[in-house]
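What follows is a single structure, written as C-alpha cells, with notes after it.
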Amino acid sequence: MIDPKLLRRATSDVAANLSRRGFEFDATAYLALEERRKTLQVDTEKLQSERNTTSKQIGVETAKGGDPAPLIDAVTKYGERLKNCQAQLQAVQAELKEIELDLPNLLDDSVPEGNDESDNAEIRRWGEPAQFDFETHDHIELGESLGLLSFEAASKISGSRFAVMRGALARLHRALIQFMLDTHTSAHGYQETYVPYLVQDHALVGTGQLPKFEEDLFKTTTQTPYYLIPTAEVPLTNLARDTIFDASELPLRFVAHTPCFRSEAGSHGKDTRGMIRQHQFEKVELVQFVVASESARVLEELTGHAETILQLLELPYRVVALCSGDVGFAAAMSYDLEVWLPGQQTYREISTCSNCTDFQARRMKARVRNATTGKPELMHTLNGSGVAAGRALIAVIENYQQADGRIRIPDALQPYMGGIAFLEKI
RNA sequence: GGAGAGAUGGCUGAGUGGUCGAAAGCGCUCCCCUGCUAAGGGAGUAAGGGCUAAUACCCCUUCGAGGGUUCGAAUCCCUCUCUCUCCGCCA
C-alpha cells in the first residue's frame, strides 16, 4: 500500500509515478472521495467527543445524587446523528481502502522506462554460453529420452502443466534444493525456515497477491478457505506481520524451500511445453527484513546471493533491471536473473529479486523501532528466488548435456548425488 | 471429535457498568543521592488514526476478533478465532 498521507498530499506525483507502469490512477475521483472522508471523520470524531464528555457528566451527576435526565436527553439526541455519520464514514473509508489496496507500489526513480519484458535493461552478464560441437536438445527431449522425465505420466494424474521425474533426475532436483539451502544458510547468513503451504487471505493481502490477483491462485473449498502459496515469499514475509522489531534485531534473513502453486490463468499458450511454466514447482526463496535506509543496498546484496547459486553451478546468466512496465505489483524495483538455456538459445528468467520498500510492511504492519527516536517505523521487505528449482534443473539439463545424451552432474551438486557423475538412461 | 480453562500494556498480573488507556510489580529511559559497586529516592515509559507546517497541542479508536445492550462497556449478552489441560483418534 502506498502511504495514504502521500496519496492525499502529492496525488498528482503519485499518479505520474504509477502511470510509468501503465497504471491509470483517477486522482480527481480519489481526491473527491478523500474530501468526503475528511469531513465525515472530523464530524464523527467531534460527535464522539461530545458524547464522551456528556456521558462522563452523567456519571458525575449520578454520583452526586443529582438528576441526570436532562443530560441523558441531550446525549440521546446526537446519538442518531453519530450513528449516521459513523455509517457514512465507514462506507467511504472502505471505498478508499479498496482503491488503495489495488494501487501498485511506487517505482524507484532508477527503474528504466518501458512497456514489457523487451524493454528491460541488461546490467551484466556472467559466464559464456557453451559452444557445443553436436546438435543440442532441450530438456524435454533430453529428460524423456533418458526415461527420467514424463509429462505424459503427470497428465494422467493431473492434466497439463505438471511433470513426473524419476530416479537420478528426481534426486538431482532434490540435490539442487539442498545445495541452495546449504549455501544460503552457511555462506549468506539466512535462517532456514519451514512454513505453511496453505495460507489465509489476509496473508496474501499482506504481500499483495490479494485482492487483485485472486485468479492466479489455487483456493480450497473448505469452510475457511485456504490458498496454496504461489511463492514462499507469502509465508516468509508475513512472519513480520503485526510485529515491532527492535532495531538491533534487523536485518533478518530467512530462506525456505517450498512448493509453489500457480493457476497460470491468462498464460494459456505460453510455455505450454516442458517444465518452464507449471502449476506446481519448487523454489528456494530469500526474504529480508531491513530498516528503510538499508533496502537499496540489500537488494544488490540479495541479488548477489541468488547469483552465487548460478555461479557455483557454472550456469551462464545475465542480470536485467526490470522496466517500469514489468516491475511486479509490490516491488519498487526488481532485478531478474536470466539463465542461458541452450535448448531455447535464449536467456530465461530463473529469479526475480525485489525491493518492496514499505509497501508490504504497511499492509501487514511490519515495523521497526527507530533506535534514536524510539518510534515505530515501517520496515522494508525484500525477496528473491534463490533460485527456482524447476528452472534450475532445466538449466542444468540443457547446459550439461553431452553428445551421447547423458547429463553431467555439476561439481557443486556431486556431494549430493551419491557418487553419480552423469544422469544416464534407465 | 469430547470435556474444561483462558485471552488485559515489553513481561507478570489486578480490575464485574461511570474521568480505566487501564492498579501494582518487573523491565526500560532520564534525574537525584552515595568517592566505585550494591542499595535508595523521584519522574517518565502502548499502538493506530484525525487535525496540523509540526515527530507541538488537542481529539478519536483500541483491553483476542466481530456483533449487541446502554447516555456510558475491559467489565453484561451473542457469535467466532486462538492458546492451554485432560480424553479419544492419528502421519
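The chains referred to below are lettered A, B, ... by the order of the sequence lines, with proteins before strands, and numbering in each begins at 1.
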Decide yes or no on salt bridge (Lys or Arg N to Asp or Glu O under 4.0 Å) for E214(A) and K219(A), but give the supporting numbers first. CA-CA 9 Å; E214(A) 174 145 29; K219(A) 185 183 185 180; 3.3 Å; yes

Do the rings of [X] and [Y] sit parallel, tilted or perpendicular, given the 30° and 60° boundaries?
| X | Y | result |
| --- | --- | --- |
| F289(A) | F245(A) | tilted |
| H184(A) | H188(A) | tilted |
| F162(A) | H279(A) | tilted |

Using atom [atom1] of each nucleotide, how far apart are [N] and [M] to the nearest Å?
| N | M | atom1 | result |
| --- | --- | --- | --- |
| G64(B) | G21(B) | P | 15 Å |
| C60(B) | U8(B) | P | 26 Å |
| A74(B) | A7(B) | P | 16 Å |
| G44(B) | A38(B) | P | 24 Å |
| C51(B) | G10(B) | P | 26 Å |
| A47(B) | C11(B) | P | 13 Å |
| C26(B) | U19(B) | C1' | 28 Å |
| U37(B) | C31(B) | P | 14 Å |

If only side-chain N and O atoms of [X] are considered, is one of them under 4.0 Å from the OP1 or OP2 phosphate oxygen of [N]?
| X | N | result |
| --- | --- | --- |
| R51(A) | C60(B) | no |
| R8(A) | C51(B) | yes |
| R369(A) | A47(B) | yes |
| S49(A) | C60(B) | yes |

Which one, [options], comes nearest to the side chain of [X]?
| X | options | answer |
| --- | --- | --- |
| R367(A) | C71(B), A47(B), U61(B) | A47(B) |
| Q48(A) | C71(B), G21(B), C60(B) | C60(B) |
| E45(A) | G50(B), A54(B), G18(B) | G50(B) |

With a 3.5 angstrom cut-off on both distances, give the Watson-Crick or G-U wobble partner of [N], or none if there isn't one.
| N | answer |
| --- | --- |
| G17(B) | none |
| A56(B) | none |
| A3(B) | U85(B) |
| G10(B) | C26(B) |
| A91(B) | none |
| C33(B) | none |
| C76(B) | G68(B) |

Grab the [atom1]-[atom2] distance between [X] and [N] for me, whole Å please.
| X | N | atom1 | atom2 | result |
| --- | --- | --- | --- | --- |
| D73(A) | G72(B) | CG | P | 13 Å |
| K56(A) | C20(B) | NZ | P | 8 Å |
| H202(A) | G66(B) | NE2 | P | 14 Å |
| D3(A) | G48(B) | CG | P | 13 Å |
| L89(A) | C60(B) | CG | C1' | 11 Å |
| L40(A) | G49(B) | CG | C1' | 15 Å |
| K5(A) | A54(B) | NZ | C1' | 10 Å |
| K375(A) | G10(B) | NZ | P | 14 Å |

Have a look at [X] and say if it touches a base, only the backbone sugar-phosphate, or nothing, with a 4.0 Å heavy-atom cut-off.
| X | result |
| --- | --- |
| R37(A) | sugar-phosphate |
| T54(A) | nothing |
| N52(A) | sugar-phosphate |
| K38(A) | sugar-phosphate |

Pair R297(A)-E294(A), salt bridge (Lys or Arg N to Asp or Glu O under 4.0 Å): steps then yes or no: CA-CA 6 Å; R297(A) 181 186 65 73; E294(A) 286 289 288; 2.4 Å; yes

Partner of Y227(A) under side chain to side chain contact (heavy atoms under 4.5 Å, CB included), chosen from L198(A), D201(A), T220(A):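 Only match with Y227(A) under side chain to side chain contact (heavy atoms under 4.5 Å, CB included): D201(A).
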
First of T62(A) and Q41(A) reached from the 5' end of RNA chain B, by closest nucleotide: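 With T62(A) and Q41(A) compared, the 5'-side residue is T62(A).
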
When you match P376(A) and R9(A) each to their closest nucleotide on RNA chain B, which lands nearer the 5' end?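 It is P376(A), whose closest nucleotide lies nearer the 5' terminus.
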
Taking atom types as modelled, is there a side-chain donor on E233(A) or T207(A) under 3.5 Å from an acceptor on the other?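 There is no such pair between these side chains.
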
